[in-house]
2 protein chains.
Amino acid sequence: MAKPPKENSPITEHLAYLLAQANREINRQLELRLSKEGVPVEQWRILKVLSDGNGHSMGELADAVLLNHPTLTKMIDRMVSDTLVYRVQDPKDRRKVLMFISDRGKALCRRLNSLAVSQEEHIVESYGGKSTNELKRLLESLIGSAN
Amino acid sequence: MAKPPKENSPITEHLAYLLAQANREINRQLELRLSKEGVPVEQWRILKVLSDGNGHSMGELADAVLLNHPTLTKMIDRMVSDTLVYRVQDPKDRRKVLMFISDRGKALCRRLNSLAVSQEEHIVESYGGKSTNELKRLLESLIGSAN
DNA sequence: CGCCAATCCTTGAATATTCAATATTCTCAA
DNA sequence: TTGAGAATATTGAATATTCAAGGATTGGCG
């Protein structure tokens, strides 16, 4: 029943490869939609996480949006220049920087959400709602078991 | 039944995000294993595709290993320096370059396969063989429906 | 045939990411 | 209380990726 690939199996039978392939394709599609607003996928993730209105530290944010710390710092620099987000030093722990979303960021985030939702609707249409939900459930469980 | 996320849903409910997260985690684990041989995941993919012994053009290879053409060209440059693969101009169509794996590349590929298989066995152990197979099936089907 | 557009790969410049080191602040135990 | 070590974020240099352009070859149509 449990059946990992043999050593001479084609690469397409490896879970790691299938995940990379699916991720690449779905991400490419999403990127294409978000390009209407000239925003990379990572910035949408950042805005979405911050749109709860709470302050999030850089470390917390880096984990949440799947970016390394230095990469996030530089991306946040750009977003601050674009006045989408702003930094506030955490008064409780001054090593930390709390990130907040601006009004402009919120407005952009709403437009991006709408693009992202429309993409997922498109996937559900061609792939099926049942498959989509089942896939999400399995992915969540995989992520859970990997930690 | 079909239930795409609402616009205010957390990002963790988006398929695109779950795929990115799972891919990142599994890839990180695989990278860690392959680092015993000092080889990035992409080079393992290249060697694995070429290990059928046939010549593969750069374009074909780029698609198969999920890399853009210029990135592949530069990675192949390094692998040629390491004498893992070699280039041959396609006699049928001299615009093309056919890539072949060397004996040294084959030997390395065998060691890498063993590391990769052991990773997937580890996943099957903690995640379950049934879930793994079901997830693979769904991913294949998603990739199919996205093209 | 001869030419023009398309295909294939590579290159170089611009951009982005990563690694290692640094600065700052906090924690906690001596 | 203070000093060593941990945690947090940023920076700069090294590395890698991407974008746009170029050179070579082919296919096909006038």
Side-chain angles (χ1 to χ4, degrees), chain A residues 20-21 23-25 27-32 34-35 38-46 49-50 54-82 84-100, chain B residues 20-21 23-25 27-32 34-35 38-46 49-50 54-82 84-100:
Chain A
Q21 193 181 8
N23 178 53
R24 184 179 164 92
E25 179 58 25
N27 206 58
R28 201 188 55 76
Q29 287 179 11
L30 180 56
E31 200 167 46
L32 192 64
L34 298 190
S35 71
V39 168
V41 175
E42 290 79 11
Q43 289 199 15
W44 170 60
R45 291 196 198 130
I46 292 170
V49 169
L50 295 186
N54 299 323
H56 294 262
S57 75
M58 291 295 284
E60 207 183 323
L61 201 50
D63 287 348
V65 304
L66 315 175
L67 287 178
N68 299 336
H69 289 213
T71 304
L72 177 63
T73 292
K74 285 153 191 170
M75 183 163 284
I76 288 287
D77 286 346
R78 291 190 285 268
M79 295 176 77
V80 168
S81 298
D82 295 342
L84 297 171
V85 299
Y86 56 94
R87 286 183 236 244
V88 174
Q89 195 174 51
D90 186 344
K92 305 286 183 191
D93 182 343
R94 289 183 329 212
R95 289 171 302 182
K96 295 186 184 175
V97 171
L98 297 181
M99 297 306 311
F100 290 90
Chain B
Q21 193 182 7
N23 178 53
R24 184 180 164 90
E25 179 58 25
N27 206 58
R28 201 187 55 75
Q29 287 178 11
L30 181 56
E31 201 167 46
L32 191 65
L34 299 190
S35 70
V39 169
V41 176
E42 290 79 11
Q43 288 198 16
W44 170 60
R45 291 196 198 129
I46 292 171
V49 170
L50 295 186
N54 298 323
H56 293 262
S57 76
M58 291 295 283
E60 208 184 322
L61 200 50
D63 287 348
V65 304
L66 314 176
L67 287 178
N68 298 336
H69 289 215
T71 304
L72 177 63
T73 292
K74 285 154 191 169
M75 182 162 285
I76 288 288
D77 286 347
R78 291 190 285 269
M79 296 176 76
V80 169
S81 298
D82 295 342
L84 297 171
V85 299
Y86 56 95
R87 288 183 236 245
V88 174
Q89 194 173 50
D90 186 344
K92 305 286 185 192
D93 182 343
R94 289 181 330 209
R95 290 171 302 183
K96 295 186 184 174
V97 170
L98 297 182
M99 298 305 311
F100 290 89

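In the text below, chain A, chain B and the rest are named by the order of the sequence lines, each starting its count at 1. For clarity, every value in this text was computed on a predicted model and none was experimentally measured.
- Take the nearest nucleotide of DNA chain C for B:L72 and for A:E42: the residue whose nucleotide is more 5' is B:L72.
- Atom CD in A:Q89 sits about 13 Å away from atom C1' in C:dA23, given to the nearest Å.
- For C:dT11, the OP1/OP2 oxygens have no side-chain nitrogen or oxygen of B:T73 closer than 4.0 Å.
- Between A:I76 atom CD1 and D:dT8 atom C1' the separation is 15 Å, expressed in whole Å.
- With rounding to whole Å, A:H69 atom NE2 is found 20 Å from C:dA16 atom P.
- At a threshold of 4.5 Å between non-hydrogen side-chain atoms, the residues B:Q89 and B:K96 do not count as touching.
- Judged by distance alone with a 3.5 Å cut-off, a donor-acceptor contact links the side chain of B:K74 to the base of D:dT18.
- Checked by distance alone, B:R95 brings a side-chain donor or acceptor within 3.5 Å of a matching partner on the base of C:dT7.
- Looking at the side chain of B:V97, the nearest of the listed nucleotides C:dC9, C:dT11, D:dT10 is C:dC9.
- When the C1' atom of D:dT17 is taken as reference, atom CD of A:E31 falls 13 Å away, rounded to whole Å.
- Note: CG (A:D90) to P (C:dT24) measures 18 Å, nearest angstrom.
- Distance from the side chain of A:T71 is smallest for C:dT18 among the nucleotides D:dA9, C:dT25, C:dT18.
- If you measure from atom CE of A:M75 to atom C1' of D:dT11, you get 17 Å, rounded to the nearest angstrom.
- Nearest to the side-chain atoms of B:K96 among the listed nucleotides D:dA9, C:dT25, C:dC8 stands C:dC8.
- Distance NE2 (A:H56) to P (D:dA9): 13 Å, rounded to an integer number of Å.
- In the set D:dT10, C:dT11, C:dT25, D:dT10 carries the atom at the smallest distance from any side-chain atom of A:R87.
- At C:dT17, one or more side-chain N or O atoms of A:R78 fall inside 4.0 Å of OP1 or OP2 (strictly under the cut-off).
- Salt bridge absent: B:R28 and B:E31 never bring a charged side-chain N and a carboxylate O closer than 4.0 Å.
- Under the side chain to side chain contact (heavy atoms under 4.5 Å, CB included) test applied with B:V65, the options B:H56, B:Q43, B:R45 reduce to a single match, B:R45.
- Looking at B:R24 and B:Q21, their side chains never come closer than 4.5 Å, going by heavy atoms from C-beta outward.
- Here the C1' atom of nucleotide C:dT10 and the CG atom of B:L67 are 15 Å apart, to the nearest Å.
- Residue A:N68 places no side-chain N or O under 4.0 Å from the OP1 or OP2 atom of C:dT17.
- Counting all heavy atoms, side chain and backbone alike, A:L67 lies closest to A:E42 at CD2-CG, 3.8 Å.
- Picking from D:dT10, C:dT10, D:dT25 the nucleotide with the shortest atom distance to the side chain of B:R94 gives D:dT25.
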